[in-house]
Amino acid sequence: MADDEIEIDAQGENSYLVVQPSELEDVRTFVTVSPEVMDRLGSDDEEDVVRRTVLFLRKHQEVADFPEVIDLEDVIAGYDDYLESMATAD
């Protein structure tokens, strides 16, 4: 699945709705991004961080298995290679 199939819509401050097509139906996930996470990642482009996070998570799970809500703090805590992956250019 190409990353241009990922729709990202801002839902207010630090919150994004991500819509990804899957075999049966579109998968909708709300992603929250805190200023602290953005500082840790050294980025000021929240939408880019959300997109790159979704692409990272796709390497670890099927789109159909994405949860309804993702907090980037939880991703950092759950994946040892997340910060390193986000620091390297794709």
Side-chain angles (χ1 to χ4, degrees):
M1 176 184 312
D3 71 340
D4 61 348
E5 295 178 6
I6 301 170
E7 294 178 33
I8 301 173
D9 295 308
Q11 299 293 300
E13 195 170 324
N14 309 114
S15 182
Y16 295 84
L17 172 62
V18 177
V19 180
Q20 303 178 78
S22 73
E23 290 182 23
L24 298 177
E25 63 185 60
D26 289 352
V27 174
R28 299 176 178 278
T29 305
F30 286 93
V31 180
T32 58
V33 182
S34 70
E36 294 80 16
V37 167
M38 294 303 292
D39 286 345
R40 287 183 73 180
L41 296 174
S43 177
D44 59 1
D45 187 343
E46 289 184 356
E47 187 171 324
D48 178 63
V49 166
V50 169
R51 181 176 303 282
R52 291 177 64 211
T53 298
V54 168
L55 293 172
F56 170 84
L57 290 173
R58 284 182 177 181
K59 295 176 185 175
H60 296 276
Q61 64 192 62
E62 297 294 322
V63 170
D65 296 330
F66 270 53
E68 289 183 23
V69 177
I70 296 173
D71 186 319
L72 293 192
E73 292 283 354
D74 295 336
V75 177
I76 291 170
Y79 295 93
D80 292 337
D81 58 336
Y82 174 74
L83 290 175
E84 180 181 341
S85 173
M86 293 299 284
T88 59
D90 290 332

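Keep in mind the model is a prediction, meaning the values are calculated, not measured.
Arg52 CZ to Met86 CE: the interatomic distance, rounded to the nearest 0.5 Å, is 4.5 Å. For the atom pair CD (Glu23) and CD (Glu62), the distance works out to 8.0 Å, reported to the nearest 0.5 Å. Taken from OH in Tyr16 to CD in Glu47, the straight-line distance is 6.5 Å, to the nearest 0.5 Å. Interatomic distance, Leu72 CG to Thr53 OG1, rounded to the nearest 0.5 Å: 4.5 Å. Between atom CG of residue Leu41 and atom OH of residue Tyr82 there is a gap of 5.0 Å, rounded to the nearest 0.5 Å. Atom CD of Glu7 is separated from atom CZ of Arg51 by 9.5 Å, given to the nearest 0.5 angstrom.
Glu13 CD: 12 or fewer foreign heavy atoms inside a 6.0 Å radius. By the 6.0 Å contact criterion, CG on Asp9 is enclosed, its count of non-hydrogen atoms from other residues, nucleotides or ligands being greater than 12. The local environment of CG in Asp80 is sparse, with at most 12 non-hydrogen atoms from other residues, nucleotides or ligands closer than 6.0 Å.
Considering all non-hydrogen atoms of both residues, Arg28 and Val19 come closest at NH1-CG2, 3.4 Å. Between Leu17 and Gln11, the shortest heavy-atom distance links the atoms N-CG, 3.5 Å.
Ring-plane geometry between His60 and Tyr79 is classed as tilted, the angle between the planes lying from 30 to 60 degrees on a 0 to 90 degree scale.
A side chain to side chain contact (heavy atoms under 4.5 Å, CB included) with Val50 is found for exactly one of Thr29, Val18, Thr32, namely Val18. With Val63 as the partner, the side chain to side chain contact (heavy atoms under 4.5 Å, CB included) test is satisfied by one option alone out of Val27, Asp26, Ile6: Val27.
Between Arg40 and Ser34 the shortest side-chain heavy-atom distance does not fall below 4.5 Å.
No continuous path of hydrophobic side-chain contacts links Phe30 to Val75 [ILVMFWY only; heavy atoms under 4.5 Å]. In terms of hydrophobic clustering, with Ile, Leu, Val, Met, Phe, Trp and Tyr side chains grouped at heavy-atom distances under 4.5 Å, Val37 and Leu55 are assigned to a common cluster. Hydrophobic clustering (side-chain heavy atoms under 4.5 Å, transitive across Ile, Leu, Val, Met, Phe, Trp, Tyr) keeps Phe66 apart from Val69.
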